[in-house]
Amino acid sequence: MNYDTLVLGAGIVGICTALHLQRLGQSVALIDRDGPGEGTSFGNAGLIERSSVIPHAFPHGLGRLLRYAANRRSDVRYASGALPRLAPWLARYWYHSSPSRLAAAAQMMLPLLERCLDEHAELTREAGCAALVRQGGWVEVYRDAGELDLAQAQATTVGALFSLDFELLEDEALRALVPSIEPAVVGAVHWRDPHSVSDPGALVKAYAALFVARGGALLRADAMALRQARDGWALASEQHGELRAANAVIALGPHSAALTGRLGLSIPLAVKRGYHMHYAIDERSVPRLPLLDKPGGYILSPMTRGVRLTTGVEFAAFDAPANTIQLDRAEALARRVLPLGARLDAAPWLGRRPALPDMRPVIGAVPRYPGLWLNFGHAHHGLTLGPISGRLLAELITGHAPVVDPSPYAPVRFKRG
Ligand SMILES: Cc1cc2nc3c(=O)[nH]c(=O)nc-3n(C[C@H](O)[C@H](O)[C@H](O)COP(=O)(O)OP(=O)(O)OC[C@H]3O[C@@H](n4cnc5c(N)ncnc54)[C@H](O)[C@@H]3O)c2cc1C
């Protein structure tokens, strides 16, 4: 079998890469060991985060560091046993999170973020799944008056700097927008640009169905079998025999490092784990828009299955068993925000945000490996950035003029490990 490109990984990033390659005239095999959209892309909070222009940084300043070191928070938690292995990565993350480097990272991510809504809109229209996407933004809620003042001051600065559409909501206005909000919430910032998705897994599957409807090959195989061949790349698979192509794209999300490591590449990918759980809620109490409790680090999103709570970040070993501490902490706070009922899932879903220490994904060619391309490391914004990242990489592979300057995302920046 011969294709122009093998795209490894059918999450939001791989599927969008495959769709754009197809649009540019390539024959593409999209490969996953599971069904499409069943990895990290399945369980996220569903935000197409147009307003999150400042990347999620490592805390700077002694006071903040000490608060996180105590490990009692719900927004970030760490498993102490995992720290020795994670320390070098965390040190790099801390380095890149200094105010000046963070500001630079925000500017480098902006060209992608600015296009996220339009790129999704085109795909949802073509895939016939626009009904899964709601407009109106999301609401950042506060339970503490001091934190609210600080957040509203920051929102005013950031909103003006990046021309974002937002509104500061005091008590009454907030209750008009979210009538079921609990009395513990004292105010909010309503970010109005973003969109949100009522079932991220269904959205990704609809994109995959579009790829297949247009003649794409969606195949089950283990991407770890990828090897360099004389004329490109080959992947031996049980079901489909040997698949061959001039190009291969690694878009395995959090699993990408397993393959890049095997190929001898040094891309410092780590995972920021996170959980979700659905809750029953009275129909009249379902919020129209997702709510973010920033100090608590969790999001409450109205989803097809109920209200989905997604937690903040857990630093633990990749395959460490799921731990309910962070979800329990977030749930306790969330019950002060919305009148949540019983848990609906038998066990929490565990996902892994694929994260690079400089808070930018790798999108581009691998030096010294002709025909090998990377598209992963989108961390907190993979659902948001899948379509624009897929478009950018497809343009690079096919030699078209890239929609944005690709240099900030080039894998070559990690050449020295
Ligand atoms: C709790 C949580 C909340 C989040 N909320 C948001 C949000 O609101 N908005 C947002 O934009 N982002 C959010 N994210 C981040 C977002 O979900 C991820 O960045 C994104 O899903 C990554 O997509 P991906 O395609 O790179 O990876 P994945 O979706 O994980 O896809 C990788 C694919 O590779 C396949 N694979 C892995 N190994 C192999 C192998 N050996 N062989 C074959 N196939 C393999 C997997 O089966 C999978 O389908 C959240 C993440 C979490 C954990």
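In each ligand, atom 1 is the first atom listed, and ligand 1 is the first ligand listed. In what follows, every heavy atom counts, from backbone to side chain, and hydrogens, waters and symmetry copies are set aside.
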Open item on the list: I'd like to check whether A223 has a polar contact with ligand 1, where a contact means an N/O of the residue lying under 3.5 Å from an N/O of the ligand.
Closed with: yes
- [ ] Do me a favour and list the nearest non-hydrogen protein atom to atom 31 (O) of ligand 1 with residue, atom name and distance?
- [x] G11 CA, 3.4 Å
TODO: From the options H380, H276, K272, E49, select the one whose nearest heavy atom is closest to atom 10 (C) of ligand 1.
DONE: H380
Open item on the list: Hydrogens and angles aside, do D358 and H96 bring a side-chain donor and acceptor to less than 3.5 Å of each other?
Closed with: no
Task: Residue pair R391 / R23, side-chain heavy-atom distance below 4.5 Å - done: no
Task: pair R336-E182: side-chain heavy atoms closer than 4.5 Å - done: no
Open item on the list: Tell me whether T40 has any N or O atom under 3.5 angstrom from an N or O of ligand 1.
Closed with: yes
Open item on the list: Taking distance alone, with N or O pairs closer than 3.5 Å, would you say G351 contacts ligand 1?
Closed with: no
Task: For T384, atoms of ligand 1 separated by under 4.0 Å from a heavy atom - done: 9 (N), 10 (C), 11 (O)
Open item on the list: List ligand 1 atoms under 4.0 Å from A221, heavy atoms only on the residue side.
Closed with: 42 (N), 43 (C)
Open item on the list: Give the atom numbers and elements of ligand 1 that come within less than 4.0 Å of a heavy atom of G9.
Closed with: 33 (C), 34 (O)
TODO: Return yes or no for this condition: an N or O of D32 is under 3.5 Å from an N or O of ligand 1.
DONE: yes
Open item on the list: I'd like to know whether the aromatic ring centres of F318 and H255 sit less than 6.0 Å apart in this structure.
Closed with: yes
Task: T311 N/O under 3.5 Å from ligand 1 N/O - done: no
TODO: Could you tell me whether R33 and ligand 1 have an N or O pair separated by under 3.5 Å?
DONE: yes
Task: Ligand-side contact atoms (ligand 1) for residue partner L47, heavy atom cut-off under 4.0 Å - done: 7 (C), 8 (O), 9 (N), 10 (C), 11 (O)
- [ ] Can you spot which of K272, Q326, R352 makes a side chain to side chain contact (heavy atoms under 4.5 Å, CB included) with E314?
- [x] Q326
Task: Residue and atom name of the nearest protein heavy atom (relative to atom 41 (N) of ligand 1), distance in Å to one decimal - done: D222 OD1, 2.9 Å
Task: Shortest protein heavy-atom distance from atom 21 (O) of ligand 1, along with the residue and atom involved - done: S41 OG, 3.0 Å
Open item on the list: Can you tell me which portion of P36 lies within the under-4.0 Å heavy-atom range of ligand 1? Options are side chain, backbone, both, or neither.
Closed with: neither
TODO: Decide whether an N or O pair under 3.5 Å exists between G14 and ligand 1.
DONE: no
Task: The single option from L374, L112, V249 passing side chain to side chain contact (heavy atoms under 4.5 Å, CB included) against I363 - done: L112
- [ ] May I ask you to check if ligand 1 and A379 share an N or O to N or O distance below 3.5 Å?
- [x] yes
TODO: Sort out for me which residue in W94, Y68, Y95 forms a ring-ring contact (aromatic ring centres under 6.0 Å, His included) with H60.
DONE: W94
TODO: Can you pull out the closest protein heavy atom to atom 2 (C) of ligand 1? Residue, atom name and distance to 0.1 Å, please.
DONE: R353 NH2, 3.5 Å
TODO: Can you sort out the partners of N71 under side-chain hydrogen bond (donor to acceptor under 3.5 Å, both in side chains), two or more places apart, ordered by chain and number?
DONE: none
TODO: Could you check atom 27 (O) of ligand 1 against the protein and tell me its nearest heavy-atom contact, residue, atom and distance included?
DONE: G253 CA, 3.3 Å
TODO: Please examine the side chains of Y3 and W233, heavy atoms only from C-beta on, and report whether any two atoms are closer than 4.5 Å.
DONE: no
Open item on the list: Can you classify the ring geometry of Y93 versus W89 as parallel (below 30°), tilted (30 to 60°) or perpendicular (above 60°)?
Closed with: tilted
Task: Heavy-atom nearest neighbour in the protein, as seen from atom 45 (C) of ligand 1, with distance rounded to 0.1 Å - done: L252 CD2, 3.5 Å
Open item on the list: Taking distance alone, with N or O pairs closer than 3.5 Å, would you say W349 contacts ligand 1?
Closed with: no
Task: Reference residue Y298; test side-chain hydrogen bond (donor to acceptor under 3.5 Å, both in side chains); the match among T310, T311, D293 - done: D293
TODO: Return the residue, atom name and 0.1 Å-rounded distance of the protein heavy atom closest to atom 5 (N) of ligand 1.
DONE: A45 N, 3.1 Å
Open item on the list: Polar contacts were defined as any N/O atom of the residue lying under 3.5 Å from an N/O atom of the ligand; does this apply to G37 and ligand 1?
Closed with: no
TODO: Report the nearest protein non-hydrogen atom to atom 14 (N) of ligand 1: residue, atom name, distance rounded to 0.1 Å.
DONE: N44 CB, 3.6 Å
Open item on the list: With no hydrogens and no angle check, just 3.5 Å: does a side-chain donor-acceptor pair link D165 and W191?
Closed with: no
